[in-house]
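Just so you know, ligand 1 is whichever comes first in the structure, and atom 1 is the first atom listed for that ligand. Predicted, not measured: the structure shown is a model, and the values here were computed from it.
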Amino acid sequence: MEKTTQMYEGKAKKVFATNDPDYCIVSYKDDATAFNGLKKGTILGKGAINNRVTNHLMKLLEQNGVPTHFVEELNDRETVVKRVTIVPLEVIVRNIAAGSLSKRLGLPEGVKMKRTVLEYCYKDDDLGDPMVNDYHILAMEWATREELDQIAAYAFKINQLLTDYLKEAGIELIDFKLEFGKTSDGAIVLADEISPDTCRFWDIATHEKLDKDRFRRDLGGVEDAYKEILKRLLGE
Ligand code: TMP
């Protein structure tokens, strides 16, 4: 498969068209941003790690009945994915209070939620990705009732599969963000990435942060945290 024109450049990835209209190639960058692009930096090696970690986890999900956009890893940074129309939602799943949920509800970070919490944000940088609910999503026609029910069911299933899998690697899955896409035949599939950029991963024993919060909060040891996740999940 050959890259043709660049279709899109985001904060952490570029997406290229290919000679086959059903497929794209994503290329992961080392660039990092936080707070809607206000904080900018580079995390050396991040692109390759996020590419490999994402593909590893997407394969696990596919094997367990969750359809994804993953097709084939081309090299360290680049992967062939199915061409989809992205549903313009950030789907956030939370097991333990942290980040914006802790701020909003006044819950200390680390408090276990009595039930898994599902949130949606409308993907729009100019608006700062505002939180929305089912009514907004249906009224704005970002998804149908059936599509939203499918997305929620996949999100809970992904949470169970990832929580169990990561536990084996000594990682606690605090929360994470998913994006879904629609293929040309109308199927909802998991898209985007699952990486230390988009998940909170804590060491199960020490609660040390092994994710992008080290960059967001200037905690140091950013590259080492990403390398540690790669090592624990892929053994390298
Ligand atoms: P939050 O606590 O800042 O709302 O983040 C919840 C989860 O979503 C966390 O695992 C980090 C992830 N996330 C993204 O992937 N992209 C974003 O732009 C933001 C704000 C959070």
Side-chain angles (χ1 to χ4, degrees), residues 8-13 15 26 28-41 43 46-47 49-51 53-54 57-58 61 68-69 86-113 115-133 151-152 154-156 158-163 165-166 171-181 190-204 207-219 222 225-226 228-229 233:
Y8 172 79
E9 177 161 7
K11 286 178 280 210
K13 296 188 283 301
V15 183
V26 292
Y28 287 74
K29 307 193 286 186
D30 284 353
D31 301 350
T33 64
F35 316 117
N36 202 12
L38 280 179
K39 181 181 170 85
K40 289 190 176 70
I43 301 175
K46 173 171 88 79
I49 291 175
N50 285 0
N51 183 40
V53 166
T54 294
L57 295 176
M58 290 225 180
L61 295 173
T68 77
H69 72 165
I86 291 288
V87 177
L89 296 174
E90 299 202 336
V91 178
I92 297 167
V93 180
R94 300 180 183 273
N95 299 305
I96 310 274
S100 68
L101 179 102
S102 287
K103 267 211 183 105
R104 194 174 340 112
L105 301 185
L107 284 176
E109 288 205 318
V111 172
K112 188 169 164 44
M113 306 305 289
R115 294 174 56 125
T116 301
V117 171
L118 184 65
E119 295 171 354
Y120 303 112
C121 294
Y122 172 47
K123 259 173 76 72
D124 186 316
D125 282 342
D126 293 339
L127 298 176
D129 298 339
M131 190 185 287
V132 293
N133 65 28
I151 285 170
Y154 283 148
F156 284 111
I158 291 165
N159 186 41
Q160 194 60 58
L161 289 166
L162 291 183
T163 297
Y165 179 75
L166 292 165
I171 299 165
E172 184 161 30
L173 182 58
I174 305 303
D175 58 30
F176 56 99
K177 185 265 298 181
L178 302 170
E179 294 182 27
F180 291 86
L190 179 66
D192 195 51
E193 65 181 276
I194 312 175
S195 72
D197 271 17
T198 61
C199 304
R200 287 196 171 93
F201 294 138
W202 293 4
D203 181 87
I204 272 188
H207 307 302
E208 185 191 359
K209 295 184 196 326
L210 297 172
D211 57 57
K212 193 177 165 190
D213 271 349
R214 303 204 73 85
F215 169 79
R216 295 187 186 100
R217 303 178 188 190
D218 295 320
L219 300 177
V222 182
Y226 280 72
E228 180 65 21
I229 292 297
L233 298 187

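- Contact annotation for E109 and ligand 1: no heavy atom of the residue comes within less than 4.0 Å of the ligand.
- D197 pairs in a side-chain hydrogen bond (donor to acceptor under 3.5 Å, both in side chains) with only one of the listed residues (K212, K46, K177), which is K46.
- Contacts between C199 and ligand 1, counted as non-hydrogen atom pairs separated by less than 4.0 Å, involve the backbone only.
- Residue K212 does not touch ligand 1, judged by heavy-atom distances below 4.0 Å.
- Checked by atom type and distance alone, the side chain of R216 never pairs as donor or acceptor with a backbone atom of F35 at under 3.5 Å.
- At the shortest separation from atom 5 (O) of ligand 1 among protein heavy atoms lies R200 NH1, 3.5 Å.
- Of the possible donor and acceptor atoms, none in the side chain of D31 sits under 3.5 Å from a partner among the backbone N and O of K11.
- For atom 10 (O) of ligand 1, the candidate residues are L178, D213, D175; the nearest heavy-atom contact is made by D175.
- Atom 20 (C) of ligand 1 is not flagged as protein-proximal [any protein heavy atom, distance under 4.0 Å].
- The main-chain N or O of G47 is found under 3.5 Å from a side-chain atom of D30 such that the two form a donor-acceptor pair.
- Nearest to atom 18 (O) of ligand 1 by heavy atom, out of K177, K11, E90, is E90.
- Side-chain contact between E179 and K123: present, with at least one pair of heavy atoms (C-beta onward) separated by less than 4.5 Å.
- The single protein non-hydrogen atom nearest to atom 1 (P) of ligand 1 is S100 OG, 3.4 Å, given as residue, atom name and distance.
- Taking the salt bridge (Lys or Arg N to Asp or Glu O under 4.0 Å) definition, one finds that D126 meets it with nothing, sequence neighbours left out.
- For ligand 1 and D197, the ligand atoms under 4.0 Å from any heavy atom of the residue are 15 (O).
- Inclusion of D129 in the set of residues having an N or O under 3.5 Å from an N or O of ligand 1 is not warranted.
- Within the 4.0 Å heavy-atom shell around ligand 1 one finds R216.
- Of all atoms in ligand 1, numbered sequentially from 1 with element shown, those under 4.0 Å from a heavy atom of G99 are 2 (O).
- Every salt bridge (Lys or Arg N to Asp or Glu O under 4.0 Å) that K39 has, sequence neighbours left out, goes to D218.
- Ring geometry for F180 against Y154 counts as parallel: the plane angle stays under 30°, on a 0 to 90° scale with 60° as the upper cut.
- By the 4.5 Å heavy-atom criterion applied to side chains, V26 and E193 are not counted as neighbours.
- Shown in contact with F176 at under 4.0 Å from a heavy atom are these atoms of ligand 1, numbered in order with element: 10 (O).
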